[in-house]
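Below is one structure; the comments refer to it alone.
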Amino acid sequence: MKRYSNRDPREVLENLIALQSRKGKWFAAGKTAGYLDIALDCASDPEAVPATLMRAARDFAGRDPAFAAQVALHAISHLLHGRGFDANPRDIDEASDHLMASSRQINKTDWAIAELNQMADRPAGDDFMSRRLRIKLSELQAAARGDGA
């Protein structure tokens, strides 16, 4: 922005994303600049890094839980499709925990569980991750029913 101080920062970011055509790589820039709508768009791109998304979901849970919940869902989706460096099925747990923590703050836990159910019902690229999601989902549903399993 120092170089283009006379230009609208949002416009500069949008132009850079369009020029690079690798939206997933611009998630952190959009988030840091405060353009959360742009960041969410970037989070949906296959090149978005699940670990980065999970950290953002954790960090924004208190500041903007609706954003954090959406970012956590994108992280889970990427994990289910085998994306991410050194991804582990336990990452599903972490992302789901961030999703649920954020959704509780905005009174949307039913929505979050429904979203996870939809993801669990879709074929994914990583069987380990899919199995872990189904296990985590059954734990979340049991907790929601109050039977603690």
Side-chain angles (χ1 to χ4, degrees), residues 9-18 20-149:
R10 182 182 184 89
E11 181 185 348
V12 170
L13 179 59
E14 288 172 334
N15 288 341
L16 287 169
I17 292 169
Q20 296 287 322
S21 71
R22 296 176 71 188
K23 279 199 292 191
K25 301 292 183 180
W26 290 94
F27 169 77
K31 172 187 65 79
T32 302
Y35 302 120
L36 301 185
D37 58 325
I38 293 174
L40 274 177
D41 187 39
C42 293
S44 67
D45 189 79
E47 286 194 55
V49 179
T52 301
L53 299 178
M54 288 188 300
R55 280 190 303 277
R58 177 197 65 209
D59 295 346
F60 275 78
R63 285 185 272 170
D64 192 331
F67 173 75
Q70 289 290 334
V71 170
L73 283 172
H74 285 301
I76 294 166
S77 176
H78 291 310
L79 290 167
L80 290 172
H81 288 92
R83 300 179 191 129
F85 179 74
D86 236 2
N88 178 316
R90 297 290 177 179
D91 291 338
I92 291 287
D93 291 355
E94 181 182 344
S96 298
D97 290 343
H98 295 317
L99 168 64
M100 296 311 295
S102 295
S103 65
R104 272 192 291 279
Q105 291 185 53
I106 55 175
N107 297 316
K108 292 197 172 208
T109 54
D110 291 341
W111 165 82
I113 289 174
E115 290 291 318
L116 291 175
N117 267 313
Q118 285 181 2
M119 288 180 163
D121 288 344
R122 288 186 214 129
D126 191 316
D127 288 338
F128 292 117
M129 296 293 186
S130 294
R131 266 184 269 156
R132 187 62 208 163
L133 177 60
R134 285 190 287 280
I135 291 167
K136 183 66 176 181
L137 187 52
S138 68
E139 292 169 1
L140 292 170
Q141 289 170 325
R145 287 191 307 269
D147 58 2

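When each of Leu79, Leu133, Leu137 is checked for a side chain to side chain contact (heavy atoms under 4.5 Å, CB included) with Met119, only Leu133 meets the rule.
For the pair Ser103 (side chain) and Met100 (backbone), a donor-acceptor distance under 3.5 Å is present. Distance alone, capped at 3.5 Å, places no donor-acceptor pair between the Asp45 side chain and the Cys42 backbone. A distance-only check finds no donor-acceptor pair linking the side chain of His98 to the backbone of Arg55 [under 3.5 Å]. Using modelled atom types, one side-chain atom of Ser44 and one backbone atom of Asp41 make a donor-acceptor pair closer than 3.5 Å.
Side-chain contact check for Arg132 versus Met129: every heavy-atom pair is 4.5 Å or farther apart. Within the 4.5 Å cutoff, side-chain heavy atoms of Arg83 are placed close to those of Pro46. Contact of the Lys136 side chain with the Asp97 side chain is registered, since non-hydrogen atoms from C-beta on lie closer than 4.5 Å. The shortest distance between side-chain heavy atoms of Lys23 and Ile38 does not fall below 4.5 Å. At a threshold of 4.5 Å between non-hydrogen side-chain atoms, the residues Ile135 and Asp93 do not count as touching. Taking 4.5 Å as the limit, some side-chain heavy atom of Trp26 sits within range of a side-chain heavy atom of Leu13. In this structure the side chain of Gln141 reaches within 4.5 angstrom of the side chain of Asn117, judged on heavy atoms. Between Arg134 and Ser138 there is no side-chain heavy-atom pair separated by less than 4.5 Å.
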Under the side-chain contact (heavy atoms from CB on, under 4.5 Å) criterion, do Phe85 and Val49 qualify, and how do the steps go? CA-CA 8 Å; Phe85 179 74; Val49 179; 6.0 Å; no
For residues 61-71, which side-chain donor-acceptor pairs fall under 3.5 Å, sequence neighbours excluded?
unit_1 : atom_1 : unit_2 : atom_2 : d
Arg63  : NH2    : Asp59  : O      : 3.3
Asp64  : OD1    : Phe67  : N      : 3.1

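The salt bridge (Lys or Arg N to Asp or Glu O under 4.0 Å) check on Asp121 picks up nothing, with sequence neighbours excluded. Remark: Asp37 engages Arg10, Tyr35 in a side-chain contact (heavy atoms from CB on, under 4.5 Å) (not counting sequence neighbours).
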